[in-house]
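Labels below follow one simple rule: chain letters A, B, ... track the order of the sequence lines, proteins then strands, and each chain is numbered from 1.
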2 protein chains.
Amino acid sequence: MKEKLTERQKMILSLVVHDYIRTATPVGSKKLVEQFRLDMSSATVRAELAVLTELGLLQQPHTSGGRYPTENGYRYFVGSLMKLQELPEDRRRMIEHQFYQMQSDQGVEGWMKLSASILASLSGAISLVSAPYSRFLALRHIALISLSDRQALLIVVTNSGQAQQRFVALDEPMTQPQLTAIENEMNALFAELNSFQIREKLAVSDAFRRSALKSELTDHVVAAMSDVEATRSGEIYTDGLRNVIGEPEFTETGEARGALKLLDEKTALRSILTRPNADQKIGGIQVLIGGEGSIADLHHCSLVLARYGKSNAIGGTIGILGPMRMRYARNIPTVRFIAGILSDLVSEAFADMKTGTKNGEESPIIINE
Amino acid sequence: MKEKLTERQKMILSLVVHDYIRTATPVGSKKLVEQFRLDMSSATVRAELAVLTELGLLQQPHTSGGRYPTENGYRYFVGSLMKLQELPEDRRRMIEHQFYQMQSDQGVEGWMKLSASILASLSGAISLVSAPYSRFLALRHIALISLSDRQALLIVVTNSGQAQQRFVALDEPMTQPQLTAIENEMNALFAELNSFQIREKLAVSDAFRRSALKSELTDHVVAAMSDVEATRSGEIYTDGLRNVIGEPEFTETGEARGALKLLDEKTALRSILTRPNADQKIGGIQVLIGGEGSIADLHHCSLVLARYGKSNAIGGTIGILGPMRMRYARNIPTVRFIAGILSDLVSEAFADMKTGTKNGEESPIIINE
DNA sequence: CGTTAGCACTCAATGCGAAAGAGTGCTAAT
DNA sequence: ATTAGCACTCTTTCGCATTGAGTGCTAACG
């Protein structure tokens, strides 16, 4: 990948990528010259194409079928050639408007849905958004709500803003005031602890056993916390299926067909969103071209991912999943922009300290690894 | 649709439906005779097929291309011919086990997801599950949780078990004890009211204005309630996309392609799940064959829907969406069974009075209106 | 009378070869 | 170094004949 290409070779590679992204058809020398009014003959272009093919940046479906980028071709393009197309100012303002309009309204869930929706419609791909989660997950608050005399609703809120609710069957009837008392007691005891620490605190002494604290209730608290901790990245939101249906890659025997299965399997999605960028900086963009065998079904797809949030403390991942043949130059700024907004929102919402990468800032783009 | 068919005609129609469901290929007279070892010649079958075609129950793609059911053919089949195949006892037990295992754990959300998952895998179609909602929605409990000195999380729980959470920016710093005080006050005032009643109560007197109740908070309570009321049927869960990808109807130019778009647009799904069966009895199954123009994209699909819950008080809709060519005889009992379980669970969870259709019971099947 | 065997007919699907078209690599001239 | 020209390689497409499943009709049969 260290090969030095001539300026002309770079330009031609760029043109091939652009044209292929637009048409999804292998592109030949003659078409290139005509299409882009090149100041040279098709034979010259052919020679250059041959070189690029030799270098493994282009490939041909068969001996005389035009050329299109290889995975490495895309990587080179994204890494060295591409000129990012920033979102036009009015677009940005429109998006920001939408976010700030609903900001305090719908809570985290609202942000996630809005992000997924905007990302999908702007990118023409499938959007993936993971709800924010904290590295240092801790219980923030417990609420106990009487549903009937033997049924209560337990709500556990974590410092990541996630709320787990579960129904609890009570061994003996309890009124709301009784529950509230327990609620207060538990809040005092368990606040700012994680499930492990809570369990420890419970084990250390039986004092709590004898108190008003029902073990049936504490068990549920521990379980709820564990749940949140286990599914780390919280809920995953997707949108934009409609965009991708119809793209040739996804059609019938299309190679990317398998990718659609993924949308069903949130666990797989989750592993995509959580794993690769574990140690990635906020605001940095990660581009995964060709799935890298990590997920077999993604062989002909690309991912553009970004982390958002307060560095290391709380955050999540957003991104888009589309055909390898996607408009990186437009999509990368889009993803980055939305990630920036989410960072701001998260910082604001969970703020003691205000951090978060500011929108405009440049940040590195990491390609496959 | 009142036409009296001979027993033989009924049988032949049945066979055609079955075979077509299995093979997705138009079926001819000869194949029928061989396949099912019929005690007559192909010519006889041909004559009967001609009659059925005449009656509009079968159709042929072209003059000599075999026959397959029309929408009316399916409707007649489902309405009069089909023998329901109840789920085998061990299956039932397995499913029930899964539900009761998680029952009190994950709350409503868990049930919904499990229902969607089971329904999808058992039916081989797309499952649609709407969270329960109450006809007489009322606020059950408010929780106010301090996130930082100027940020709080407001959780509004309704009597349908839905929890709306939203972030609230506080005009002036407040501590958790202060918030708890307000929480108690609001709970006392607003419990068992709907958004309209709350608004009324607020308007009637300014007493509240002067009290510790911040209008910024009460506004949010009203807004949260309105939100829940507006989106009535609550969240919609779907699963089983993987099943339907690959079915010929959904492939490439497939006629049912548009149906996939629906999965993206929850609003459309919602209208499907809420509208048609508004006045349907709990436990009754509604089969919609061919979309009925209600949703244009569903022209070549069928829906099997059932309401669950406590009659009129609280409940939701579940169902499956698949190709018209679906295994009704198996799917209908499946949908009914899951609806039964959900009815039980909902009755239990929101019980004062215990109702709900018991699983085994027979209940009417309504076909297209 | 209902049933069946037989037959001519229809029409999508299949297969094959010729022609077209797009693109390449090579070579020789500029 | 660039380019024009040309032979070559493939896929795509079209036409055309073939196949085969399925039909509708009719005449014979029990």
Fill in: Nearest-angstrom distance from the residue atom OH of A:Tyr68 to C1' of D:dT11
14 Å
Discussion item. Any residue in residues 33-47 of chain A with a heavy atom nearer than 4.0 angstrom to DNA chain C? Just list them by number, or reply none.
Written reply: A:Arg46
Worksheet item: What integer distance in Å separates A:Gln59:CD from C:dT24:C1'?
Response: 16 Å
Worksheet item: Can you name the closest pair of heavy atoms from B:Gly66 and B:Pro26 and give their distance?
Response: C-CB, 3.9 Å
Practice prompt. Could you work out which one of C:dG23, C:dT3, D:dT23 sits closest to the side chain of B:Arg8?
Written response: C:dT3
Response to the item:
To the nearest 0.5 Å, atom OG1 of A:Thr238 lies from atom CG of A:Leu128 at 7.0 Å
Item to complete: Mind calculating the distance between NE2 (A:His62) and P (C:dT24) to the nearest angstrom?
Response: 10 Å
Worksheet item: Does D:dA21 have OP1 or OP2 sitting under 4.0 Å from an N or O in the side chain of B:Gln60?
Response: no
Worksheet item: Does some side-chain heavy atom of A:Val335 sit less than 4.5 Å from a side-chain heavy atom of A:Leu305?
Response: no
Worksheet, complete the sentence: Closest heavy-atom pair, A:Val16 versus A:Arg67, reported as atoms and distance to 0.1 Å, is CG1-O, 4.1 Å
Worksheet item: Do B:Tyr328 and B:Ser302 have side-chain atoms, one donor and one acceptor, less than 3.5 Å apart?
Response: yes
Worksheet item: Less than 4.5 Å apart, any side-chain heavy atom of B:Val304 and any of B:Met326?
Response: yes
Worksheet entry | Validation row: B:Phe77, B:His18 side chains within 4.5 angstrom (heavy atoms) | yes
Worksheet entry | Rounded distance in Å - CD (B:Glu48) to P (C:dG2) | 11 Å
Hey, what are the protein-to-nucleotides 18-21 of chain C N/O distances that come in under 3.5 Å?
none

Response to the item:
Atom CZ of A:Arg67 and atom C1' of D:dC10 are separated, to the nearest Å, by 14 Å
Worksheet item: Nearest-Å distance, NZ (A:Lys31) to P (C:dT24)?
Response: 11 Å
Worksheet entry | Between C:dG23 (P) and A:Leu52 (CG): distance, integer Å | 17 Å
Worksheet item: Is a side-chain donor or acceptor of B:Thr317 paired with a backbone partner of B:Leu273 at a separation under 3.5 angstrom?
Response: yes
Item to complete: Would you give the length of the straight line joining atom CG of A:Leu303 to atom CD of A:Gln286, rounded to the nearest 0.5 angstrom?
Response: 8.5 Å
Item to complete: Round to a whole Å and report the spacing from CG of B:Leu32 to P of D:dG22.
Response: 9 Å
Item to complete: Mind listing the residues from residues 11-30 of chain B sitting with a heavy atom below 4.0 Å of DNA chain C? Number order is fine.
Response: none
Worksheet item: Any side-chain heavy atom of B:Leu58 within less than 4.5 Å of one from B:Leu13?
Response: yes
Worksheet item: What's the shortest heavy-atom distance between A:Glu71 and A:His299, and which atoms?
Response: OE2-O, 4.0 Å
